[in-house]
Enquirer: 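Okay, handing you the structure first.
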Amino acid sequence: MTTTERPLVLPGDPISPDLIPSSTSKPLRLGPGLRHVPPSDIVPVVAGQLITNHQKNSMWVEYNSNRYIPAPGDLIIAQILRSGPDLYFTSISPYTPPATLPHLSFESATKKTRPQLAPGALVYARVVLANKHMDPEIECVSQSTGKSDGLGELKGGMVFDVSLQFARRLLMAKSKEEGKVEVLELLGGEGLAFEIAVGRNGKVWVGGEDVKAIVVVGRTLRETDEGGLGVEAQRKLVRRLAKGMK
Amino acid sequence: MTVSTTSTAPAAALGVLPRADGSAKYSHAGYTVTASVNGPIEAQRRDEHPYEAHVDVIVRPAAGVGGTRERHLESILQSSLSQIILVKNFPRSLIQIVLQVEDSPENDYVNTKLVQASLNFSIMPALFQTAVLALLSAGVPIRATATATAVAIVPQDGTKRSVVDPSPRDVEIAQSVHVLAFTSHDELLLAESEGDFTVKEWDDVYETAKDVCCRPVPTKEGMEMVLDDEHTNGPDLRHFLRSTMENKVASDLHWK
């Protein structure tokens with residue numbers, strides 16, 4: 001990531017033109033927290049750190065929040081509310097309209113063989129459709145390959161709520177170097193066996209054979225998030241919790 | 001007309017309520033207000049608007065239940081806050097702002113036995129500012145930040161004096177009380193007045209309030225300038241808002 005300067009922006013602040021990437025080969029992409037006011041103004045709408053990526057010719061505002069607003073392509077953990085004639089109604093964040101999950105959006109699902117999900121079941125899914133005038137739609141299958149790619153029902157385990165920013169940090173390709181979260185590697189190093197699925201909607205699902213391990217992993221994640229722990233504090237926390245396991 | 005102020009520096013804490021999407025606690029001029037913001041969430045059928053979000057403001061007094069006065073403050077806040085929130089981004093949804101008054105200054109001249117719900121205009125800036133801070137904490141998209149202040153015109157020794165952030169005693173003897181809010185683009189967002197005043201007086205009030213709300217944010221080199229405080233008239237609200245948010249963003253992005 002090539003970022004030179006990361007100024008704090010408040011909503012409505014002017015952005016100095018030399019912070020706006022000016023590649024001519026690629027169109028400028030605006031990420032979350034920015035608004036384009038025609039003809040040429042770019043205005044932040046949330047308080048955060050302005051981040052510019054000159055290679056990708058993109059810019060966005062990095063900030064933390066609790067309310068998930070769906071965006072296409074996001075991986076999320078949704079809970080089935082009820083089943084309709086040909087789709088499931090699912091909840092992706094509390095008090096928002098349900099997202100729809102068609103019965104046929106599963107790997108090798110047909111009208112006759114479709115997964116039977118009871119209300120309350122959890123699915124790991126991708127957002128396919130998210131716009132402001134319609135309820136979001138999610139899927140558990142890749143449209144191009146027809147494979148599930150790890151999406152689908154999450155059996156057993158527990159779900160823990162974390163802040164949206166922490167979920168994004170966990171989902172980073174290099175979460176250890178860029179996101180500064182090491183807890184998962186550390187917990188694995190302590191000999192705990194668990195599976196994990198992180199949803200961008202601020203939910204983390206932890207599965208495994210041993211309920212004790214699940215609880216320890218979930219607690220570590222939540223404490224790391226709420227306490228804003230650095231790498232050293234994370235190591236200390238994992239050592240303490242792992243000691244309690246034995 | 002001379003200008004004076006009675007208040008101390010404002011104080012704020014963000015994210016005080018763990019379960020709400022955003023929250024803020026703000027105290028200034030004797031008032032303490034806690035706000036929670038939730039949204040965008042699903043609106044009730046009767047509040048649903050096909051093209052924009054419904055902004056719901058609820059004001060709860062420190063004691064007792066809200067009455068007509070609170071409904072009045074709510075309606076004023078609702079109309080000015082929906083101007084800065086990007087309501088068109090979230091059609092058919094609801095943005096709920098709950099403002100709980102925790103503390104209000106006491107009037108030393110009147111013996112109030114019972115803390116009755118008696119809200120007046122001098123609490124408006126505190127309510128408004130808390131709501132803006134909570135919206136920032138929730139990350140609700142807004143057009144611009146805003147700052148608000150109250151100014152009272154108090155008669156004194158035959159002349160008139162304008163008081164920024166008036167105390168309850170000032171409000172009691174004031175001829176008129178004004179509440180003004182400005183966006184960070186120096187646009188007038190809210191102007192409410194009660195009492196008798198002339199156009200000239202209102203113009204003076206406008207200038208005073210604009211000075212409190214819209215003082216230009218100093219550049220990084222000029223940080224020490226603020227401490228010298230050449231303007232003695234009222235706190236620098238815009239600078240306060242920025243430094244509060246700076247702290248919040250710095251603690252959120254500690255890992256960067």
Side-chain angles (χ1 to χ4, degrees), chain A residues 1 3 6-14 32-35 37 43-51 61-69 91 93-98 131-135 161 163-166 169 172 175 178-182 202 224-231 233-234, chain B residues 14-15 17-23 37-43 48 50-53 84-86 88-96 132-133 135-146 183-185 187 217 220 238 241-256:
Chain A
M1 232 198 289
T3 41
R6 291 166 166 178
L8 167 90
V9 285
L10 289 187
D13 277 2
L34 291 171
R35 182 168 78 114
V37 181
V43 186
V45 294
V46 292
Q49 225 175 31
L50 182 73
I51 295 185
V61 179
E62 186 75 46
Y63 67 105
N64 193 12
S65 61
N66 285 327
R67 173 68 52 185
Y68 175 71
I69 295 166
S91 156
S93 58
Y95 308 108
T96 49
N131 73 45
K132 60 183 181 180
H133 290 292
M134 291 160 75
D135 289 346
D161 287 330
S163 72
L164 297 193
Q165 183 179 246
F166 190 69
R169 281 167 70 188
M172 281 178 175
S175 64
E178 283 172 15
K180 302 275 188 295
V181 255
E182 250 190 86
T224 311
D225 179 27
E226 283 158 19
L229 302 185
V231 178
Q234 290 173 24
Chain B
L14 296 185
L17 305 172
R19 297 259 175 202
D21 288 344
S23 57
V37 167
N38 280 297
I41 55 176
E42 193 169 18
E48 216 174 74
Y51 293 109
E52 52 189 53
I84 58 166
I85 299 172
L86 290 165
K88 291 247 160 56
N89 281 14
F90 304 107
R92 294 170 296 107
S93 59
L94 169 77
I95 293 168
Q96 189 183 51
V132 170
L133 285 170
L135 284 170
L136 285 168
S137 147
V140 173
I142 58 179
R143 219 172 294 260
T145 54
T183 65
S184 52
H185 303 307
E187 298 154 334
V217 170
K220 277 275 183 282
R238 197 174 277 181
L241 194 74
R242 179 165 285 271
S243 59
T244 309
M245 290 320 294
E246 238 161 44
N247 291 342
K248 188 239 176 193
V249 171
S251 73
D252 278 351
L253 300 176
H254 62 94
W255 51 278
K256 274 268 178 194

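Within every chain, numbering begins at 1; the chains are lettered A, B, ... in the order of the sequence lines, protein sequences first and strands thereafter. All values derive from a computational prediction rather than experimental measurement.
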Enquirer: Highest number of heavy-atom pairs under 4.5 Å with chain B: which of Asp13(A), Asp161(A), Val43(A)?
Expert: Asp13(A)
Enquirer: Would you give the length of the straight line joining atom CD1 of Ile142(B) to atom CG of Leu10(A), rounded to the nearest 0.5 angstrom?
Expert: 8.5 Å
Enquirer: Looking at side-chain heavy atoms only, is the closest gap between Ile41(B) and Arg67(A) below 4.5 Å?
Expert: yes
Enquirer: With a 4.5 angstrom heavy-atom cut-off, which part of Ala250(B) approaches chain A: side chain, backbone, both or neither?
Expert: neither
Enquirer: So for Ile69(A), is it side chain, backbone, both, or neither that comes closer than 4.5 Å to the heavy atoms of chain B?
Expert: side chain
Enquirer: Side chain, backbone, both or neither: which part of Ser184(B) has an atom under 4.5 Å from a heavy atom of chain A?
Expert: side chain
Enquirer: Should we count CE of Met134(A) as having more than 12 external heavy atoms under 6.0 Å?
Expert: no
Enquirer: Which residue out of Pro97(A), Ala47(A), Gly230(A) racks up the most heavy-atom pairs below 4.5 Å with chain B?
Expert: Pro97(A)
Enquirer: Between Thr96(A), Leu229(A), Val181(A), which shows the greatest number of heavy-atom pairs under 4.5 Å with chain B?
Expert: Thr96(A)
Enquirer: With only heavy atoms counted, which part of Glu62(A) is less than 4.5 Å from chain B, the side chain, the backbone, both or neither?
Expert: both
Enquirer: So which residue, Lys88(B), Met245(B), Arg143(B), ends up with the most heavy-atom pairs under 4.5 Å with chain A?
Expert: Arg143(B)
Enquirer: Check Val45(A) against Leu86(B) and note the closest heavy-atom contact, atom names and distance.
Expert: CG1-CD1, 3.4 Å
Enquirer: Side chain from CB out, backbone as N, CA, C, O: work out which of these in Pro44(A) comes under 4.5 Å of a heavy atom of chain B, or both, or neither.
Expert: backbone
Enquirer: Checking the side chain of Arg6(A) only, and the main-chain atoms of Lys256(B) only, is there a donor and an acceptor separated by less than 3.5 Å?
Expert: no
Enquirer: May I ask you to test the Trp255(B)-Gln165(A) pair for a side-chain heavy-atom distance under 4.5 Å?
Expert: yes
Enquirer: Quick one: CZ on Arg169(A) to CG on Leu253(B), what's the gap to the nearest 0.5 Å?
Expert: 9.0 Å
Enquirer: Nearest 0.5 Å, what's the OG-CG distance between Ser65(A) and Leu136(B)?
Expert: 12.5 Å
Enquirer: Going from CG on Asp252(B) to OH on Tyr63(A), what distance comes out if it is rounded to the nearest 0.5 angstrom?
Expert: 11.5 Å
Enquirer: Let me confirm one number: the CG-OG distance from Asn64(A) to Ser137(B), rounded to the nearest 0.5 Å.
Expert: 9.5 Å
Enquirer: I'd like to know if the side chain of Arg92(B) reaches the main chain of His133(A), judged simply by a donor and an acceptor atom lying under 3.5 Å from each other, with no hydrogens or angles considered.
Expert: yes
Enquirer: If you measure from OH on Tyr68(A) to CG on Asp21(B), what distance do you get to the nearest 0.5 Å?
Expert: 14.5 Å
Enquirer: Measuring only between side-chain heavy atoms, which start at C-beta, is Arg242(B) closer than 4.5 Å to Leu8(A)?
Expert: yes
Enquirer: Partners of Glu187(B) by salt bridge (Lys or Arg N to Asp or Glu O under 4.0 Å), sequence neighbours excluded?
Expert: none
Enquirer: Which answer fits Pro50(B), side chain, backbone, both or neither, if we ask what part of it has an atom under 4.5 Å from a heavy atom of chain A?
Expert: backbone
